[in-house]
Asks: 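Would you mind keeping the following structure in view while I ask a few things?
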Amino acid sequence: MCDKTYGGDSATGLDSKLLFPIERLTRLSKWPDICAFLQEKNLIVRPLSLDDYDNGYMELLSGLTRVGTVSKEDYVHRFETMKKSNEISDHYAIVVLVDQQTNKVVATSTLFLELKFIRQCAIRGRLEDVAVLESHRGHKIGKLIVQIIVELAREVYNCYKLTLDCMTDDLQKFYAQNGFSYGCNMLNIRFKE
Ligand code: 16G
């Protein structure tokens with residue numbers, strides 16, 4: 001099962017290296033289906049780990065946008081800041097899919113949790129940084145990682161809505177096929193290219 005390596009495996013010390021508790025994922029009602037799908041593809045799902053810099057996480061993100069120079073030290077510092085922030089209140093749920101054979105991360109997505117005062121102190125979820133390694137595209141892995149984030153936002157973190165922005169018409173179609181609708185206009189000011 002896909003939780004064999006990471007779920008409750010405190011003996012190996014892996015749990016303490018995860019950005020958020022694995023139990024957040026195992027609580028998903030679709031967890032057995034998710035695991036069955038991943039098992040078929042020889043993949044594992046888990047929260048981002050402190051070690052994922054060495055497992056290709058930055059390379060994976062560079063398939064999405066410009067990553068720039070991020071040293072291991074930069075990665076560890078950012079990871080630890082996110083983890084500390086999660087200890088006060090859940091903010092960063094970064095999920096990765098790992099190839100069991102190579103131990104490389106092959107897909108990722110982030111659920112960012114924004115605390116609000118409106119709607120009786122509600123939580124808004126943002127679906128961010130969805131990336132699938134080119135070699136693993138075309139196997140419905142992107143669809144799966146998006147579904148995991150949707151279920152996490154709904155079932156585990158009790159978000160009142162989940163939003164995203166994306167760059168192309170094709171991506172808009174992809175997200176529309178995965179339950180998103182055109183709810184509002186997204187505008188931005190770019191401070192850096
Ligand atoms: C897309 C991503 C967003 C990411 C941005 C990076 C999704 C759903 N959206 O909009 O999360 O941060 O691309 O592009 O994954 P940028 O570097 O041009 O902002």
Asks: If you round to the nearest 0.5 Å, how far is CD of Q147 from CD of E151?
Replies: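 Interatomic distance, E151 CD to Q147 CD, rounded to 0.5 Å: 7.5 Å.
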
Asks: Could you walk me through whether D165 and E128 pass side chain to side chain contact (heavy atoms under 4.5 Å, CB included), step by step?
Replies: CA-CA 8 Å; D165 60 87; E128 292 284 345; 4.3 Å; yes

Asks: Measure the shortest side-chain to side-chain distance between S109 and V146 over non-hydrogen atoms and say whether it is less than 4.5 angstrom.
Replies: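 No; the side chains remain at least 4.5 Å from each other.
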
Asks: Please round to the nearest 0.5 Å and tell me the distance separating atom CD of E23 and atom CZ of R27.
Replies: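 One gets 9.0 Å once the value is rounded to the nearest 0.5 Å.
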
Asks: Give a yes or no answer on whether the side chain of D90 reaches the backbone of L113 with a donor-acceptor pair at less than 3.5 Å.
Replies: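 Absent.
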
Asks: Are more than 12 heavy atoms, taken from residues, nucleotides or ligands other than Y182, located less than 6.0 Å from that residue's OH atom?
Replies: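 Check passes, neighbour count above 12.
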
Asks: For the residue pair L115 and I123, establish whether any side-chain heavy-atom pair is separated by less than 4.5 Å.
Replies: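 Yes. Closest side-chain heavy atoms under 4.5 Å.
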
Asks: Working to the nearest 0.5 angstrom, can you tell me the gap between I141 CD1 and L38 CG?
Replies: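 Going from CD1 on I141 over to CG on L38, the span is 8.0 Å.
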
Asks: Do other residues, nucleotides or ligands put more than 12 heavy atoms under 6.0 Å from N158 CG?
Replies: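 Not more than 12 within 6.0 Å, no.
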
Asks: Looking at S29 and E155, what are the two nearest heavy atoms and their distance?
Replies: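 Between these two residues, the closest heavy atoms are OG-OE2, 2.8 Å.
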
Asks: OG1/T163 to CZ/R124 distance, rounded to the nearest 0.5 angstrom?
Replies: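 With rounding to 0.5 Å, OG1 (T163) is 3.5 Å from CZ (R124).
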
Asks: Among D51, D54, D52, which residue meets the salt bridge (Lys or Arg N to Asp or Glu O under 4.0 Å) test with K17?
Replies: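 Going through the options one by one, the only one that passes is D51.
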
Asks: Quick one: CG on L152 to CG on L127, what's the gap to the nearest 0.5 Å?
Replies: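 Answer for the CG-CG pair, L152 versus L127, is 11.0 Å.
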
Asks: Do E114 and R126 meet the salt-bridge criterion of a basic N to acidic O distance under 4.0 Å?
Replies: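 Salt bridge: yes.
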
Asks: Within a strict 4.5 Å, meaning less than it, do heavy atoms of the I94 and D129 side chains meet?
Replies: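 Not touching, per the 4.5 Å side-chain cut-off.
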
Asks: Quick one: do V105 and E59 satisfy side chain to side chain contact (heavy atoms under 4.5 Å, CB included)? Show the steps, please.
Replies: CA-CA 9 Å; V105 284; E59 291 85 339; over 6 Å; no

Asks: Around atom NZ of K140, are there more than 12 heavy atoms from other residues, nucleotides or ligands closer than 6.0 Å?
Replies: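 For K140, atom NZ is not crowded (no more than 12 foreign heavy atoms under 6.0 Å).
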
Asks: If you take all heavy atoms of P47 and L18, which pair is closest and at what distance?
Replies: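 Here P47 and L18 meet closest at O-CD2, 3.6 Å.
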
Asks: Look up atom CG in L60 and atom CD in E134, then write down how far apart they are to the nearest 0.5 Å.
Replies: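 So the gap between those two atoms works out to 11.5 Å.
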
Asks: Show the nearest heavy-atom pair for residues A131 and L64, with the distance to one decimal.
Replies: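 Looks like CB-CB, 4.4 Å.
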
Asks: Do V130 and Y175 make a side-chain contact, defined as non-hydrogen atoms from C-beta onward lying under 4.5 Å apart?
Replies: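 Yes - at least one pair of side-chain heavy atoms lies under 4.5 Å apart.
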
Asks: Got more than 12 heavy atoms from elsewhere within 6.0 Å of CG, N185?
Replies: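 Open: at most 12 neighbouring heavy atoms sit under 6.0 Å from CG of N185.
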
Asks: Heavy atoms, side chains only, cut-off 4.5 Å: are L97 and L144 in contact?
Replies: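 Yes, at least one pair of side-chain atoms sits under 4.5 Å.
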
Asks: Do D170 and F174 come within less than 4.5 Å of each other through their side chains, counting heavy atoms only?
Replies: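 D170 does not reach F174 side chain to side chain.
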
Asks: Report yes or no: do I149 and Y160 belong to one cluster of Ile/Leu/Val/Met/Phe/Trp/Tyr joined by side chain heavy-atom distances under 4.5 Å?
Replies: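 No; Y160 is not reachable from I149 via cluster members.
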
Asks: For Y92, does its backbone N or O pair with a side-chain atom of N86 as donor and acceptor, under 3.5 Å?
Replies: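 Between the backbone of Y92 and the side chain of N86 there is a qualifying donor-acceptor contact (under 3.5 Å).
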
Asks: When you look at E73 and H77, which way does the side chain to side chain contact (heavy atoms under 4.5 Å, CB included) test go after all the steps?
Replies: CA-CA 6 Å; E73 199 187 359; H77 186 253; 5.9 Å; no

Asks: Quick one: are V156 and L28 in side-chain contact, heavy atoms under 4.5 Å?
Replies: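 Of all side-chain heavy-atom pairs linking L28 with V156, at least one is under 4.5 Å.
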
Asks: For T108, run the side-chain contact (heavy atoms from CB on, under 4.5 Å) check against L61, V98, L133 and tell me which one passes.
Replies: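 Option passing the side-chain contact (heavy atoms from CB on, under 4.5 Å) with T108: L61.
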
Asks: Of all heavy-atom pairs between Y75 and S49, which one has the smallest distance, and what is that distance?
Replies: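 In this case the closest contact between Y75 and S49 is OH-O, 2.6 Å.
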
Asks: Is there side-chain contact between F79 and Y53, with heavy atoms separated by less than 4.5 Å?
Replies: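 F79 vs Y53: side chains apart.
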
Asks: Would the number of heavy atoms belonging to other residues, nucleotides or ligands and lying under 6.0 Å from CZ of R137 be above 12?
Replies: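 Count over threshold, so yes.
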
Asks: Which of parallel (below 30°), tilted (30 to 60°) and perpendicular (above 60°) describes F112 and H91?
Replies: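 F112 vs H91 ring planes: parallel.
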
Asks: Assess the residue pair L43 and V106 against the criterion (side chain to side chain contact (heavy atoms under 4.5 Å, CB included)); give the C-alpha distance rounded to whole Å, side-chain angles, the decisive distance to 0.1 Å, and a yes or no.
Replies: CA-CA 9 Å; L43 300 171; V106 299; 3.7 Å; yes

